[in-house]
Amino acid sequence: MFDWDDLRYLIAVSRHGSTLAAAKALGVNQSTVHRRLAELETRVGLALVKRHPSGYRLSELGETLIGQVLSVETAVMALERQVQALKHDLKGVIRLTCPEPTVSRIVATGLLDRFYERYPGLTVEFVTSDRYLDIAKGEADVAFRSGEPADESLVGRKICDSVWAIYASKSYVQQHGRPGSIAELADHALIGFDGIMQNHRVAKWLPLAVPNARIVNRNNSMLGTLSAAKAGIGVAPLPTTLGDAEDTLIQVLPPVQELTRSWYLLSHPDLRRTPRIAAFVDQVLDDIPALRMALIG
């Protein structure tokens, strides 16, 4: 119906008793006040001010509406204060947990650069671990995590699928050949998992899929497993994001359906509503193609 900003001129006339005084209060010339009031009256179809010998005053219709007009001003001022408060809250650190191998890939997408350009007061701090950090206990603020969320208190969004295949180095294949099936892995040296990796889905899958597995090396991190495979120590299940990126490795068996899981962006609902976390999550959701590139290649 009308430009909300025109209400400022009606309010100023109401408070200061004339268009001249209203112009001084608003820092504009008197003709601007007259023009904006005329535009407002034309749009609403009502005469809101009347000319008096001493200047302009609100008409009876203007007096009838001024209470609601003032409530609009109060609401706008509250909104402005809230916006300023949110801007003030958009400062500090966001602790992001994810598997260590994904850090460099996330950085390479430019996702964080675009985030910092939009929110220069915020900083993302990577908290890397091969175990799942407890967001509810404050060990991190946001997580990129593969596998169905075990903590029902977290909220999130699926980003993409995490795909795993079986890899060996070129030198290993030249010396020992390559398996033709999962069952034939029993005839090869295998790289297994230890420590905090013992509960990983791959660590649980391997002894079931290959009951007579000959484990020659165990690692408590994905990077350790990757290094062992590149060194030719044995055959290892790896995320295709890692394995396919290594020139010295060969995908000796295709992706294993039983190992496929989803990547999720997760946070606690209480944190999700805070300005800094909401800003980061919204940026990620706006930049999902880049994140998918980082997580699955």
Side-chain angles (χ1 to χ4, degrees), residues 97-106 126-134 139-140 143-151 160-264 266 294-297:
T97 181
C98 60
E100 187 175 353
T102 66
V103 173
S104 60
R105 299 180 64 87
I106 291 172
F126 286 99
V127 186
T128 58
S129 176
D130 283 304
R131 73 176 179 87
Y132 287 169
L133 299 183
D134 193 331
E139 293 183 335
F144 289 139
R145 185 171 293 172
S146 65
E148 296 303 314
D151 188 345
C160 55
D161 287 327
S162 173
V163 179
W164 289 61
I166 310 301
Y167 292 85
S169 69
K170 294 178 181 178
S171 62
Y172 178 92
V173 172
Q174 289 174 354
Q175 186 174 358
H176 304 285
R178 61 189 297 168
S181 65
I182 297 295
E184 288 184 17
L185 289 176
D187 300 326
H188 289 266
L190 300 180
I191 298 170
F193 302 90
D194 201 0
I196 60 175
M197 292 293 292
Q198 285 181 321
N199 291 322
H200 195 283
R201 65 179 180 278
V202 183
K204 295 178 179 179
W205 168 82
L206 189 58
L208 296 175
V210 191
N212 300 318
R214 179 166 58 92
I215 306 297
V216 298
N217 178 270
R218 295 182 186 274
N219 289 276
N220 62 5
S221 73
M222 285 310 308
L223 287 181
T225 305
L226 177 65
S227 296
K230 290 171 60 178
I233 294 175
V235 181
L238 291 168
T240 55
T241 309
L242 293 181
D244 290 349
E246 299 292 338
D247 292 337
T248 59
L249 293 181
I250 300 173
Q251 190 180 116
V252 294
L253 290 176
V256 180
Q257 183 61 40
E258 294 87 344
L259 298 181
T260 298
R261 294 292 186 274
S262 297
W263 276 103
Y264 287 90
L266 299 171
L295 297 178
I296 61 176

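Note that the structure is a prediction, hence the values are computed from the model and not measured.
- By the side-chain contact (heavy atoms from CB on, under 4.5 Å) test, Q174 is found to be paired with no residue, residues two or more places apart in sequence or in another chain being considered.
- Taken from CG in L185 to CZ in R178, the straight-line distance is 11.5 Å, to the nearest 0.5 Å.
- Between P239 and M222, the closest heavy-atom pair is CD-CE, 3.6 Å.
- Contact check for L259 versus W205: side-chain heavy atoms found under the 4.5 Å cut-off.
- Between T97 and F126 the shortest side-chain heavy-atom distance does not fall below 4.5 Å.
- Side-chain atoms of R145 come within 3.5 Å of backbone atoms of L133 as a donor-acceptor pair (strictly under, hydrogens ignored).
- The shortest side-chain heavy-atom distance between L238 and L249 falls under the 4.5 Å cut-off.
- When side chains are defined from C-beta on, R214 does not count as touching D187, because their heavy atoms never get closer than 4.5 Å.
- Below 30°, between 30° and 60°, or above 60°: for Y172 and H188 the angle between ring planes is between 30° and 60°, a tilted geometry.
- The two residues A236 and A229 have their closest heavy-atom pair at CB-CB, 4.3 Å.
- In plain terms, the two heavy atoms of S146 and S162 that are nearest each other are CB-CB, 4.0 Å.
- How far CD1 of I250 is from CG of D247: 11.0 Å, rounded to the nearest 0.5 Å.
- The salt bridge (Lys or Arg N to Asp or Glu O under 4.0 Å) test applied to E139 returns R131, not counting sequence neighbours.
- K170 places no side-chain N or O within donor-acceptor distance of the main-chain N or O of G232, the cut-off being under 3.5 Å.
- Looking at heavy atoms from C-beta onward, I182 lies in side-chain contact with L253 at the 4.5 angstrom threshold.
- A distance-only check finds no donor-acceptor pair linking the side chain of Q175 to the backbone of S171 [under 3.5 Å].
- A 4.5 Å side-chain heavy-atom check between E100 and L223 finds at least one atom pair inside the cut-off.
- The shortest side-chain heavy-atom distance between Q251 and Y167 falls under the 4.5 Å cut-off.
- Annotation for F144 and W263: closest pair O-CZ3, 3.6 Å, computed over non-hydrogen atoms.
- Summarising the geometry of G192 relative to I215, their closest heavy-atom pair is N-CG2, 3.8 Å, with the distance given to 0.1 Å.
- Under the side-chain contact (heavy atoms from CB on, under 4.5 Å) criterion, A228 pairs with I191, N217, N219, I233, not counting sequence neighbours.
- Within the structure, salt bridge (charged side-chain N to carboxylate O under 4.0 Å, His left out) pairs that include any residue of residues 221-243 comprise K230-E246 (at least two apart or interchain).
- Every residue was checked against the salt bridge (Lys or Arg N to Asp or Glu O under 4.0 Å) condition with E258, not counting sequence neighbours, and none meets it.
- Side-chain N or O atoms of S169 include none that pairs as donor or acceptor with a backbone N or O of A231 at under 3.5 Å.
- Nearest heavy-atom pair, W164 versus P237, reported as atom, atom and distance to 0.1 Å: CZ3-O, 3.6 Å.
- Under the rule for a salt bridge (Lys or Arg N to Asp or Glu O under 4.0 Å), the partners of D161 that lie at least two apart in sequence or sit in another chain are K158.
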